[in-house]
Amino acid sequence: MLPFGLPKTDHLEPTIEPHLKPIQLVETLADLYRRLGTCLESEKSLICIEQYSILSSLGDPKLLRRCLRAARQHAFDVHSKVVLSALLRYERREDEHDGVSPMDCSSFILECPKATLESGCDLNSIYDHCKCYQECTNSADAQISKEDELLTLEEDSDISFCVGNEEIDCVRSKIAALSTPFKAMLCGSFIESKRSKIDFSQNGISVELMKAVDLYSRTKRVDMFSPKIVLELLSFAERFCCEEMKSACDIHLATFVNCMEDVLVLIEYGLEARANVLVASCLQVLLRELPSSLHSPKVMRIFCSSEARERLASAGHASFLLYYFLSQVAMEEDKVSNTTVMLLERLKECATLKWQKALALHQLGCVWLERLEYKSAQCYFEAATEAGHVYSLAGIARSRYKQGEQHSAYKLMNTLISEYKAVGWMYQERSLYNTGENKIADLNTATELDPTLSFPYKYRAVSKAEKKQTKDAISEIDRIIQFKLAPDCLELRAWLFIAIEDYGSALRDIRAMLTLEPSYKMFNVRLSGDDLIDLLNHKVQQGSQADCWLQLCDQWSSIDDIGSLAIIHQMLV
């Protein structure tokens, strides 16, 4: 493990968080609460999302889930319900459960994939069970009786549409009722209103399709047709403005969307015909398949380009909410990928409100900073600052610092501290551009103002370790681990335990860390936690399963959460 080297203070720096961080958090949350109580019902869902974006910086899953549930509860349109339902599922990490299908229903209406496709909201439905297990319709009400259907089909035909060598007999009034253009053509002043035969051979319409149009005009049903014919009817309806037929086809085709293969076949038809429900149904599968669907080039072509966004918008399915969800997942998967950048660019295009623009621009700044494109990062942080996000000034300072302008970064943070109410992150950021005792003083002030910031503890601990005061370094990092169980802090303490050859304690911290974040990579992403456990196992005597149970009881008795997590991780392995 020595080749990896102990952490050094010169290499430590805090990340610029990709969240909205208002200077006056309490006042901002109070204002949001006031607005929730006075706004229109249609505005509440978006305010809950604004609340979610602000509380994200606190990292409390319960608070965030409460915001999402409230947003879903107040969502009225199908699009918002589809996105929020999928986001709630993603937040529970259901994609990690073996044997769970993306379209499985959780039995609660807020996450039911069928309930999301119905517009309107029920404010009392937050804890209601959905009706997936019940018969949705009564066959007597849903179907036309056999006698009525036969009478409808026997109605006398008075017009024929010629397709090639075949004639399809239709009822003029029924075809005219399909749309305003047909009514004008068949019952208005056009020459076709006087004819009993109309040539449709030049319109690219098949005989089977024209027969289906005739049958639909008489029965108003599409469920007797094959999916292929319904798709043709959908295109026909879009072409000839047959809104009722289009709606029927749209709703019927949506019932065929159950998996990724269905989506890739049907979504193009939906986007072409601007079929809102069909596209919503496809979108739902794609979102509930996240994060795996994010790695499919075919899926990303549906979302990533400006043209793709415009196509989604034409079907009523491009929104800030959609791209906020997609970009958050992309950032979690790979912050510096081209996909992440493209999704954030689309998020910026969808932003209409001031806070939305600030968030999109700030996150773009964070991504470009991670990609080491410091000039681009600075431009985005400056734009976010102009949109009213003061925290983005820290991003500007960091970008300047990375470009060799340390004094400029220091002056900027000095000005920020003098102009605004002091907040912990301001002093934490200024400490990067300070030296000696002034750096330590800034870090101590940052801890006094915000004890939850982990960087000051980590810096002080590593600084003590560099002076060979390893036990004092462990005591320093213990201060934050006692109330904030962060993987990076556990990693540092494990490092320090390895330095003093306390391999048992190091192994405990690494096991606890992997319980919190199973895919965590140590030593600047150069070694997996599992590989380090294998190395340390040779240094620590391994107990039996019975020994683990006894140790677990001891940990519970002493209320040792980290020790308990470590033992449970060992038992699971």
Can you tell me which residue pairs pass the salt bridge (Lys or Arg N to Asp or Glu O under 4.0 Å) test with a partner in residues 358-381, sequence neighbours excluded? none
Taking the ring of Trp355 and the ring of Phe320, is the distance between their centroids below 6.0 Å? yes
Quick one: closest heavy-atom pair of Leu343 and Leu294, and the distance? CD1-CD1, 4.1 Å
Working for side-chain hydrogen bond (donor to acceptor under 3.5 Å, both in side chains), residues Ser80 and Asp77: CA-CA 6 Å; Ser80 297; Asp77 61 291; 2.9 Å; yes
List for me each residue that meets side-chain contact (heavy atoms from CB on, under 4.5 Å) alongside Ala446, sequence neighbours excluded, and say none if there are none. Tyr427, Gln428, Leu453, Pro456
With side chain to side chain contact (heavy atoms under 4.5 Å, CB included) as the test, would you mind laying out the steps for Phe483 and Thr452 before giving the verdict? CA-CA 8 Å; Phe483 66 89; Thr452 66; 4.2 Å; yes
Derivation of the side chain to side chain contact (heavy atoms under 4.5 Å, CB included) call for Leu347 and Leu364: CA-CA 10 Å; Leu347 179 71; Leu364 277 164; over 6 Å; no
Taking atom types as modelled and ignoring hydrogens, do the side chains of Thr28 and Asp31 form a donor-acceptor contact shorter than 3.5 angstrom? no
Is the closest side-chain heavy-atom distance between Ile480 and Ile477 below 4.5 Å? yes
I'd like a table of donor-acceptor pairs (distance under 3.5 Å, sequence neighbours excluded) in which one partner is a side-chain atom from residues 380-387, with atom names and distances.
unit_1 : atom_1 : unit_2 : atom_2 : d
Tyr380 : OH     : Glu345 : OE2    : 2.7
Glu382 : OE2    : Gln378 : NE2    : 3.0
Thr385 : OG1    : Phe381 : O      : 2.8

Would you kindly say whether Gln356 and Glu50 are connected by a side-chain donor-acceptor distance under 3.5 Å? no
Set of side chain to side chain donor-acceptor pair (under 3.5 Å) partners for Glu332, sequence neighbours left out: Tyr90, Arg93
Considering all heavy atoms, the nearest Ala330-Thr340 contact: O-OG1, 3.3 Å
Main-chain N/O of Cys304 paired to Arg346 side chain as donor or acceptor, under 3.5 Å: yes
Check this for me: Lys484, atom NZ, are more than 12 non-hydrogen atoms of other residues, nucleotides or ligands nearer than 6.0 Å? yes
Side chain to side chain contact (heavy atoms under 4.5 Å, CB included) between Ser376 and Leu369: does it pass, once the steps are laid out? CA-CA 8 Å; Ser376 296; Leu369 190 66; over 6 Å; no
Can you confirm whether Leu416 sits close enough to Met413 that some side-chain heavy atom of one is under 4.5 Å from a side-chain heavy atom of the other? yes
Beyond-backbone contact of Phe76 with Glu41, side-chain heavy atoms, under 4.5 angstrom: no
So which pairs with a foot in residues 392-424 pass ring pair (Phe, Tyr, Trp, His ring centres under 6.0 Å), sequence neighbours left out? Tyr401-Tyr433
Judged by atom type as modelled, is there a donor-acceptor pair below 3.5 Å linking the side chain of Tyr391 to the main-chain atoms of Trp425? no
Residues forming a side chain to side chain donor-acceptor pair (under 3.5 Å) with Arg460, sequence neighbours excluded: Asn444, Thr447, Glu476
For residues 467-474, dump all side-chain donor-acceptor pairs below 3.5 Å to protein atoms at least two apart in sequence or in another chain.
none

If you measure from the Lys or Arg side-chain nitrogens to the Asp or Glu carboxylate oxygens, is any gap between Glu13 and Lys402 under 4.0 Å? yes
Please list, chain by chain and in numerical order, all residues satisfying side chain to side chain donor-acceptor pair (under 3.5 Å) with Ser505, sequence neighbours excluded. Asp502
Ignoring hydrogens, what is the shortest heavy-atom contact between Ala308 and Ser305? Give both atom names and the distance. N-OG, 3.0 Å
So, using ring pair (Phe, Tyr, Trp, His ring centres under 6.0 Å) as the criterion, who are the partners of Tyr323 when residues are at least two apart? none
Only counting residues at least two apart or in another chain, list the ones meeting ring pair (Phe, Tyr, Trp, His ring centres under 6.0 Å) with His19. none
What residue pairs, at least two apart or across chains, pass salt bridge (Lys or Arg N to Asp or Glu O under 4.0 Å) with a residue in residues 422-451? Arg398-Glu429, Arg430-Asp442
Does the side chain of Arg274 come under 3.5 Å of the side chain of Ser314 through a donor N or O and an acceptor N or O? no
Pair Glu17 + Lys21: basic N to acidic O under 4.0 Å: yes
Walk me through it: do Leu485 and Leu490 pass the test side chain to side chain contact (heavy atoms under 4.5 Å, CB included)? CA-CA 7 Å; Leu485 206 56; Leu490 287 171; 4.2 Å; yes
I'd like to check Val423 versus Leu449 (side-chain heavy atoms, cut-off strictly below 4.5 Å). Are they in contact? no
Pair Ser296-Ser293, side-chain donor/acceptor within less than 3.5 Å: no
Provide the closest heavy-atom pair for Met426 versus Ile417 in the form atom of the first, atom of the second, distance. CB-CG1, 3.8 Å
Could you tell me which non-hydrogen atom of Pro18 sits nearest to which non-hydrogen atom of Gln363, and how far apart they are? O-NE2, 2.9 Å
Do His317 and Leu322 come close enough that some side-chain heavy atom pair is under 4.5 Å? no
Presence of salt bridge, Glu43 and Arg35, under 4.0 angstrom: no
For Arg309, enumerate each residue passing the side chain to side chain donor-acceptor pair (under 3.5 Å) test, keeping only those at least two apart in sequence or located in another chain. Glu349
Verify whether one side chain among Arg72 and Ser85 offers a donor that lies under 3.5 Å from an acceptor in the other. no
Closest heavy-atom contact between Asp509 and Phe497? OD2-CE1, 3.5 Å
